[in-house]
Amino acid sequence: MKPSIERTPSSAVPQAFDYRMTPYLESLLRGRPADDPLSLQFLPQEQELNAQAHETSDPIGDVPFTPVAGVVHRHADRILLKVAHSCPVYCRFCFRREMIGSKGEPLQGPLLDAAIAYVRAHPKIWEVILTGGDPLSLSGRRLRGVLTDLASIEHVRVLRIHSRVPIVAPDSIDDSHLGALQQPLPVYLAVHVNHPDEITDAVVTALQRLSAAGAVLLSQTVLLRGVNDNEDVLEALFRRLVCLKVRPYYLHHPDLAVGTSHFRVPIEVGQRLMRSLRRTVSGLCLPTYVLDIPGGFGKVPIGPMYVGARNASGCRQIEDPAGLRHSYPE
Ligand SMILES: *Cc1c(COP(=O)(O)O)cnc(C)c1O
Ligand code: SF4
């Protein structure tokens, strides 16, 4: 990977939270105003110093579900494996901002061996999800080592990688990364992307190469105030992704990470957006809108809901995409 530029913006924010930039993103951000959807995501803002009482350093409850270093085991059939501890760029709304970068530790040597041994010892683990720190920030050689070790475990049937590298450092994905994806198991790659302006020619090339290497591409998007809390923006983003063979998977309601309240919108906003998208776009373009319940209780879809209460004659009220109610006997 090309070296990142470690700029030192003048405010106190970078002392509280890591800041990092790639040469690629630096040039993409050049000339954009401070309230631009890309600037907002990647450049530190004073509001990050406004911590709220209900914000926590572990907003989705990774810590209580960590049996060995680097593993989060909340659901019997799948685990998160945090191999990398850093990201090429730190999103200002990151839900793991207090666990990665300078606050994280790489999973190497005996620690990595112990994590792989944990997977081997738990036959119900069907899927292993490499997540952030950004797995694609590892060298292709290290990535290949980890994926190959996991693929050699008989009960592991699916590998998944969650990454923002194709968006923030598309030029850093080299042949060794593509080679690492050649595994005897299906490899799903969920790309974190929030705005259509993130999809440049370089990103298109990176996605095409990843797809050609055999990865099944998904996307995950964080709903963010001022970035994508807008129907046209989400529609353009999801249509673009589907055309690039990336299936929108999750729209995340933002987590209660410290100093991120300026990014959050009420849940009704997300529900309203999903409701209008249901009317206007192909089902292929619709992710599931989810909230990760604080405390480690898992992710759940948060609507909108189309099924109403049962009426006196036992029929359900079902709402159609246009908002009309229909009676459904059961
Ligand atoms: C998000 C998450 C997963 C993956 O959830 P899916 O709904 O399968 O995408 C798995 N484990 C943990 C701990 C998670 O937070
Ligand atoms: S890529 Fe993911 S883990 Fe890394 S800073 Fe952004 S949100 Fe956090």
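We count ligands from 1, going down the list as the structure has it; atoms in each ligand are counted the same way. Throughout, residue positions are numbered sequentially from 1 according to the sequence presented.
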Rounded distance (nearest 0.5 Å) linking atom [atom1] of [X] with atom [atom2] of [Y]:
| X | Y | atom1 | atom2 | result |
| --- | --- | --- | --- | --- |
| D134 | I161 | CG | CD1 | 9.5 Å |
| S211 | L178 | OG | CG | 11.0 Å |
| L80 | I60 | CG | CD1 | 7.0 Å |

*asked:* Would you say NZ of K124 has more than 12 non-hydrogen atoms from neighbouring residues, nucleotides or ligands within 6.0 angstrom?
replied: no
*asked:* What I want to find out is whether D255 reaches R96 closely enough, with some N-O distance under 4.0 Å, to be called a salt bridge.
replied: no
*With a 4.0 Å cut-off, would you call E198 and R164 a salt bridge?*
yes
*Kindly say whether Y24 contributes a backbone atom to a donor-acceptor pair with the side chain of S27 at under 3.5 angstrom?*
yes
To the nearest 0.1 Å, how far is [atom] from its closest protein heavy atom, and which atom is that?
| atom | value |
| --- | --- |
| atom 8 (O) of ligand 1 | R78 NE, 2.7 Å |
| atom 6 (P) of ligand 1 | Y249 OH, 3.4 Å |
| atom 13 (C) of ligand 1 | R74 NH2, 3.1 Å |
| atom 14 (C) of ligand 1 | K299 NZ, 3.1 Å |

*For ligand 1, is any non-hydrogen atom under 4.0 Å from R160's backbone (N, CA, C, O), its side chain (CB onward), both, or neither?*
side chain
*asked:* I want to know whether F95 and H252 have ring centres closer than 6.0 Å.
replied: no
Proximal atoms of ligand 1 relative to [X] (non-hydrogen, under 4.0 Å):
| X | result |
| --- | --- |
| H75 | 10 (C), 11 (N) |
| V72 | 13 (C) |
| I129 | 4 (C), 10 (C) |
| Y250 | 6 (P), 7 (O), 9 (O) |

*Pick from R275, R278, R279: which one makes a salt bridge (Lys or Arg N to Asp or Glu O under 4.0 Å) with E319?*
R275
_Taking 2.8 Å as the limit, list every protein N, O or S atom around atom 6 (Fe) of ligand 2, by chain and residue number._
C91 SG
*asked:* Assess, by modelled atom type and distance only, whether the side chains of D58 and T56 contain a donor and an acceptor separated by less than 3.5 Å.
replied: no
*Which hydrophobic side chains are connected to Y306, either touching it within the sub-4.5 Å cutoff or through other members that do?*
none
*Kindly confirm or rule out an N or O of E127 lying under 3.5 angstrom from an N or O of ligand 1.*
no
